[in-house]
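Notes follow the structure.
For ligands, and for the atoms within them, numbers begin at 1 and follow the listed sequence. Values below: all heavy atoms of this structure, side chains included; hydrogens, waters and symmetry mates excluded.
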Amino acid sequence: MADVVTTLATVKAVSEHFDEAARLAEWVQKQKWYGRLRDILRAKHNFLFLGPTGVGKSNLIESLRSNVPVDIDRAIRTLDSTTKTLKVDDTVFNLVDVPGDIGKADIRLDVIRRKYSGAVTAVVNVAAYGYHEHAGGTRRDAVTLKNTAKFQWLKDHQREELNATREWVREFAHLRSAKGLITVVTKADLWRADQDEVLDYYRGSAGEYHKELGAARTLPHTVVPYCSIIKKFYDDCPHSGLFDDMDRARVRYELIREFLTVAARD
Ligand SMILES: Nc1nc2c(ncn2[C@@H]2O[C@H](COP(=O)(O)OP(=O)(O)OP(=O)(O)O)[C@@H](O)[C@H]2O)c(=O)[nH]1
Ligand SMILES: [Mg+2]
């Protein structure tokens, strides 16, 4: 498929009635005012998306590039690395997606050690507080009879996030070109009711997540809530009902702004 380019205009269009979105253009213009920044922003920026299978990496990339993102079927897993483009005005982001499957470590390591070694602008570590929906899971594994996410499922998958984080942190020598680490906590439609607990888990400097970041703690780090699509967990467990399309437009705008902030960094 040819690269679909999402422009600032489309970001604005999708969140037309959302005041903040209109300010994005203004913000970009202000950044560019400072002469040299214009050149930095014009360069191509490689953003590497990492995280375990089913966490939501590919749907996140899809949602940044499309105003009407589709739900990627959990049976359709990413099998190889792919790079897609997001263009915001004249700033080009290469969004590098990899398979999160445990058995596909060779592909991830090839991207980190060879294809993009020394060329990564930002690491986007995708997390979902354990709300992973993947080919190896079923509703029965993940959802209780009372239609809530199973506690153990969430715990097991939070552990997988930590393992996946450990894998790329070990390779940090290849990622030293990065100007920032963005932890995107996606599927906010599912965990919105527990947002303080969820965001504390990733933001807290005393917890397991922070510990796992190891050498990557030297990078400027932001934790950004996100939602690619609004849907029931394993097509059955109701989402929180506390997150709507306006919220989705807002977090999309905030994430794109964060991308521009990292890209503009020295
Ligand atoms: N409720 C909800 N579900 C989501 C969201 N994003 C993704 N999903 C679901 O999560 C599943 C996994 O998303 P993917 O983007 O395919 O996961 P991935 O990280 O690319 O997984 P691999 O390709 O195996 O590494 C999808 O099948 C979607 O149904 C979201 O924001 N909210
Ligand atoms: Mg994928």
Side-chain angles (χ1 to χ4, degrees), residues 1 14 47-84 95-112 123-139 141-143 147-149 153-154 157-158 160-161 163-165 167-168 182-195 198-199 224-255:
M1 189 180 74
V14 78
F47 278 48
L48 176 58
F49 289 67
L50 295 161
T53 184
V55 76
K57 302 178 293 298
S58 303
N59 238 150
L60 162 52
I61 290 173
E62 145 87 12
S63 75
L64 289 170
R65 289 165 22 101
S66 165
N67 293 334
V68 194
V70 295
D71 169 22
I72 298 175
D73 194 299
R74 65 176 163 271
I76 302 170
R77 307 292 14 119
T78 303
L79 300 176
D80 209 342
S81 65
T82 59
T83 301
K84 298 204 169 146
L95 310 179
V96 184
D97 192 11
V98 293
D101 194 274
I102 293 173
K104 299 234 177 276
D106 54 337
I107 294 175
R108 290 190 294 278
L109 294 177
D110 187 52
V111 166
I112 296 172
V123 175
V124 182
N125 203 34
V126 184
Y129 203 57
Y131 284 92
H132 301 192
E133 198 169 329
H134 53 73
T138 63
R139 182 212 184 275
D141 303 325
V143 180
N147 263 345
T148 56
W153 181 269
L154 298 182
H157 289 82
Q158 284 163 21
E160 284 189 11
E161 286 179 2
N163 293 341
T165 301
E167 181 184 272
W168 66 258
I182 306 171
T183 296
V184 178
V185 193
T186 190
K187 309 199 188 185
D189 57 316
L190 299 176
W191 52 255
R192 180 74 159 86
D194 304 315
Q195 68 167 337
V198 173
L199 295 175
V224 183
Y226 195 74
C227 173
S228 305
I229 46 159
I230 296 173
K231 67 153 244 171
K232 291 178 176 175
F233 188 46
Y234 280 89
D235 300 316
D236 205 5
C237 172
H239 49 73
S240 67
L242 298 170
F243 204 92
D244 61 19
D245 279 330
M246 280 284 281
D247 296 315
R248 202 172 60 76
R250 177 176 50 80
V251 292
R252 184 177 183 228
Y253 157 77
E254 285 170 358
L255 184 56

**OP:** Compute the centroid of each ring, for Trp191 and then for Phe243, and state whether the two points are separated by less than 6.0 Å.
**Re:** no

Original post:
Short list, please: which atoms of ligand 1 are under 4.0 Å from a heavy atom of Cys227?
Top reply: 31 (O)

**OP:** Take Glu133 and Lys231, measure what salt bridge (Lys or Arg N to Asp or Glu O under 4.0 Å) needs, and give me the verdict at the end.
**Re:** CA-CA 11 Å; Glu133 198 169 329; Lys231 67 153 244 171; 2.7 Å; yes

**OP:** Using 2.8 Å as a strict upper limit, say whether an N, O or S atom of Ser58 approaches the Mg ion (ligand 2) that closely.
**Re:** yes

Original post:
If you measure only the distance, is there a donor-acceptor pair under 3.5 Å linking the side chains of Thr183 and Asn125?
Top reply: no

Original post:
Which atoms from ligand 1 have a heavy atom of Arg74 less than 4.0 Å away?
Top reply: 27 (O)

Original post:
Which pair of non-hydrogen atoms, one from Arg65 and one from Leu95, has the smallest distance, and what is that distance?
Top reply: CD-CD1, 4.2 Å

Original post:
Under 4.0 Å from ligand 1, counting heavy atoms only, is it the side chain of Val126, its backbone, both or neither?
Top reply: neither

Subject >> N or O contact, Leu60 vs ligand 1, cut-off under 3.5 Å >> reply: no

Subject >> Side-chain donor-acceptor pair present, Tyr226, Ser63, cut-off under 3.5 Å >> reply: yes

**OP:** Answer with side chain, backbone, both or neither: which part of Asp189 has a heavy atom less than 4.0 angstrom from an atom of ligand 1?
**Re:** side chain

Original post:
If you measure every N/O of Asp101 against every N/O of ligand 1, is any gap under 3.5 Å?
Top reply: no

**OP:** Examine Asp97 against ligand 1 and note whether any of their N/O atoms are separated by less than 3.5 Å.
**Re:** no

**OP:** Report the relative orientation of the aromatic rings in His157 and His134; use parallel for angles under 30°, tilted for 30 to 60°, perpendicular for over 60°.
**Re:** tilted

Original post:
Going by the atom numbers of ligand 1, which of them fall below 4.0 Å from some non-hydrogen atom of Ile72?
Top reply: 16 (O), 26 (C), 27 (O), 28 (C), 29 (O)

Original post:
With atoms numbered from 1 as shown, which atoms in ligand 1 lie under 4.0 angstrom from a non-hydrogen atom of Leu190?
Top reply: 1 (N)

Original post:
Can you tell me if an N/O/S atom from Thr78 lies under 2.8 Å from the Mg ion (ligand 2)?
Top reply: yes

Subject >> Residue-ligand contact His134/ligand 1, heavy atom below 4.0 Å >> reply: no

Subject >> ligand 1 atoms in contact with Pro99 (distance to a heavy atom under 4.0 Å) >> reply: 25 (O)

Original post:
Which ligand 1 atoms are under 4.0 Å away from a heavy-atom of Asp71?
Top reply: 26 (C), 27 (O), 28 (C), 29 (O)

Original post:
Going by the atom numbers of ligand 1, which of them fall below 4.0 Å from some non-hydrogen atom of Lys231?
Top reply: 1 (N), 2 (C), 3 (N), 29 (O)

Subject >> Winner among Lys104, Glu62, Glu133, Arg108 once heavy atoms are compared against atom 11 (C) of ligand 1 >> reply: Glu133

Original post:
Hey, does Gly51 sit under 4.0 Å from ligand 1 if you only count heavy atoms?
Top reply: no

Subject >> Side chain, backbone, both or neither: the part of Thr186 lying under 4.0 Å from ligand 1 by heavy atom >> reply: side chain

Original post:
Should Asp101 and Thr53 be marked as a side-chain hydrogen bond (donor to acceptor under 3.5 Å, both in side chains) after you check the CA-CA gap, both sets of side-chain angles, and the distance that decides it?
Top reply: CA-CA 5 Å; Asp101 194 274; Thr53 184; 4.9 Å; no

Subject >> Winner among Gly54, Pro52, Gly136 once heavy atoms are compared against atom 21 (O) of ligand 1 >> reply: Gly54

**OP:** Would you check whether Ile230 has a nitrogen or oxygen atom less than 3.5 angstrom from a nitrogen or oxygen atom of ligand 1?
**Re:** no

**OP:** For Ile229 and Val70, work out which heavy atoms get closest and say how close.
**Re:** CG2-O, 4.0 Å

